[in-house]
Amino acid sequence: MSDVERLEAEAREAIAAAESSQDLVQVRARFLGRKGSVAGILRSIGELPAEERGAVGADANRAKQRIEGWVAERRAALERSSHDADLASHRLDVTLPGAAPPSGRLHPVTRVFRDVLDFFTGMGFSIEEGPEVETDWNNFGALNFPDDHPARDIQDTFFVKGGNVLRTHTSPVQIRAMTGRTPPFRFVAPGRVYRHDSDATHTPMFHQIEGFLVDDRTTFADLKGVLHAFAKHMFGPDTELRFRAHFFPFTEPSAEMDFSYRGGWMEWGGCGMIHPNVLENCGIDPERFQGWAFGMGIDRTAMDRFGVPDLRLMFEGDVRLLEQL
Ligand code: PHE
């Protein structure tokens with residue numbers, strides 16, 4: 001065996017034994033690099049007798065090409081097997097069942113509002129809305145609050161820059177809906193309201209529903225009839241109502257109402273005949289028209305209906321609560 005043949009055999013074995021492309025780079029350098037074996041042979045040609053030089057040079061060059069060929073083959077084989085290993089390790093079982101996306105749920109307040117609005121639209125009421133940032137006039141002045149009324153105190157009301165307030169009740173929607181309209185009409189107004197109050201039974205933001213009707217002949221008896229029907233719809237057919245005389249600047253006479261609940265009474269909201277000053281402030285002639293209005297919170301009802309134990313839980317936005325309902 002010539003030196004070149006021995007070298008080729010050695011190279012072939014080393015190339016076959018290379019387990020990675022890094023191994024292969026080293027093997028190639030060992031045989032074909034500038035300081036490698038083939039280069040060594042070519043360098044030593046000068047020391048040979050002149051008649052041998054040509055043959056050894058040709059052999060060495062052939063060896064170089066062959067080794068280059070084996071390196072390339074081995075490299076391709078290594079790449080193929082690492083690709084196969086890659087595919088095997090990322091095997092995807094397309095027959096596995098997929099993960100269902102979580103489904104949304106309506107908040108208890110939204111559900112109660114929808115129920116309430118269904119009930120009133122079924123009785124011919126239309127839905128009105130107003131902004132949560134309200135003028136002092138709509139929230140207080142037009143509703144016949146005197147300038148020194150305690151509700152206008154900073155203790156109870158959130159004031160906004162520029163003299164506006166976060167509405168403290170849904171009654172300002174009465175002003176917006178009635179101004180520029182000619183009776184008869186009947187509206188319900190659902191929405192958020194704000195008061196400077198925060199403890200176990202009060203949050204600074206809560207929800208009210210307002211209802212009002214104006215016609216040339218409507219009485220407190222109509223108001224009571226509507227509220228009775230509403231109470232029975234909300235709390236069951238055996239529900240009774242109790243009216244207690246009360247005061248609101250925007251209704252006269254006024255009452256607070258309670259509904260029968262587990263052998264006792266539960267406070268529900270306020271109501272009354274719309275004060276003539278309020279009608280006048282909206283451009284409605286109180287000699288020709290009269291109306292009534294009521295308003296109540298709905299968060300308690302939503303809590304009772306869906307078994308939410310704490311008012312504050314209602315507005316923390318924790319989906320784990322909604323998932324239980
Ligand atoms: N706006 C009153 C409140 O928030 C409720 C009410 C509405 C009373 C309509 C009478 C008529 O307490």
Side-chain angles (χ1 to χ4, degrees), residues 109 113 116 120 125 127-132 134-146 149-153 155-158 165-179 185-197 201-215 218-228 230-231 234 241-259 266-279 281-282 284 286 289-301:
V109 167
F113 263 147
V116 169
F120 279 104
F125 285 72
I127 300 166
E128 278 289 316
E129 285 184 295
E132 291 167 33
E134 192 46 286
T135 61
D136 180 86
W137 172 252
N138 286 338
N139 194 80
F140 295 123
L143 288 165
N144 203 35
F145 279 78
H149 193 281
R152 303 183 101 137
D153 199 277
Q155 300 273 7
D156 300 304
T157 301
F158 292 109
V165 300
L166 295 186
R167 67 178 178 191
T168 59
H169 51 177
T170 42
S171 299
V173 184
Q174 288 186 39
I175 306 304
R176 290 177 172 273
M178 293 199 289
T179 303
F185 49 66
R186 50 194 142 163
F187 295 113
V188 272
R192 291 189 174 133
V193 301
Y194 300 84
R195 284 181 203 172
H196 201 292
D197 231 348
T201 56
H202 295 89
T203 48
M205 183 282 301
F206 57 104
H207 299 85
Q208 282 189 334
I209 181 87
E210 185 95 2
F212 50 103
L213 178 150
V214 181
D215 204 342
T218 188
T219 67
F220 208 107
D222 297 329
L223 169 60
K224 288 175 82 173
V226 167
L227 286 172
H228 269 108
F230 182 28
M234 296 299 279
L241 279 187
R242 178 173 79 171
F243 291 79
R244 286 178 286 106
H246 197 73
F247 174 81
F248 298 106
F250 39 94
T251 45
E252 181 59 35
S254 305
E256 274 192 332
M257 60 277 189
D258 308 321
F259 65 90
M266 184 81 112
E267 203 175 305
W268 196 26
C271 67
M273 300 305 291
I274 297 176
H275 197 289
N277 290 353
V278 175
L279 292 175
N281 287 335
C282 298
I284 294 168
F289 296 108
Q290 52 207 311
W292 43 257
F294 61 86
M296 65 276 289
I298 70 141
D299 302 305
R300 291 243 128 246
T301 306

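Please read these numbers as outputs of a predicted model, since none were measured by experiment. Numbering of ligands and ligand atoms starts at 1, following listing order.
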### Task
Check whether any heavy atom of G269 sits under 4.0 Å from an atom of ligand 1.
no

#### Entry: Distance from atom 5 (C) of ligand 1 to nearest protein heavy atom, with residue and atom
G295 O, 4.0 Å

### Query
So, does T251 use its side chain to make a donor-acceptor pair with the main chain of S254 at under 3.5 Å?
no

### Task
List in chain and number order the residues that pass ring pair (Phe, Tyr, Trp, His ring centres under 6.0 Å) with F125, two or more places apart in sequence or in another chain; answer none if no residue qualifies.
F120

### Task
Please identify which atoms of ligand 1 are closer than 4.0 Å to at least one heavy atom of T251.
11 (C)

### Query
Looking at atom 2 (C) of ligand 1, what's its closest protein heavy atom, distance included?
F250 CZ, 3.7 Å

### Summary
Between W292 and the options T219, D222, T218, the side-chain hydrogen bond (donor to acceptor under 3.5 Å, both in side chains) test singles out T218

### Query
Can you list the atoms of ligand 1 that are under 4.0 Å from a heavy atom of A293?
9 (C), 11 (C)

### Message
At less than 4.0 angstrom from any non-hydrogen atom of C271, what atoms of ligand 1 do you find?
### Response
8 (C), 10 (C), 11 (C)

### Task
Can you pull out the closest protein heavy atom to atom 3 (C) of ligand 1? Residue, atom name and distance to 0.1 Å, please.
R195 NH2, 3.7 Å

### Enumerated ligand 1 atoms positioned under 4.0 Å from heavy atoms of S171
1 (N), 7 (C)

### Message
As an exercise, identify every atom of ligand 1 less than 4.0 angstrom from a heavy atom of Q208.
### Response
3 (C), 4 (O)

### Of F145, F294, F212, F140, the residue whose pairing with F250 passes ring-ring contact (aromatic ring centres under 6.0 Å, His included)
F145

### Contact atoms of ligand 1, heavy-atom distance to G270 under 4.0 Å
6 (C), 8 (C), 10 (C)

### Query
For the residue pair F248 and H169, is the inter-centroid distance of their aromatic rings smaller than 6.0 Å?
no

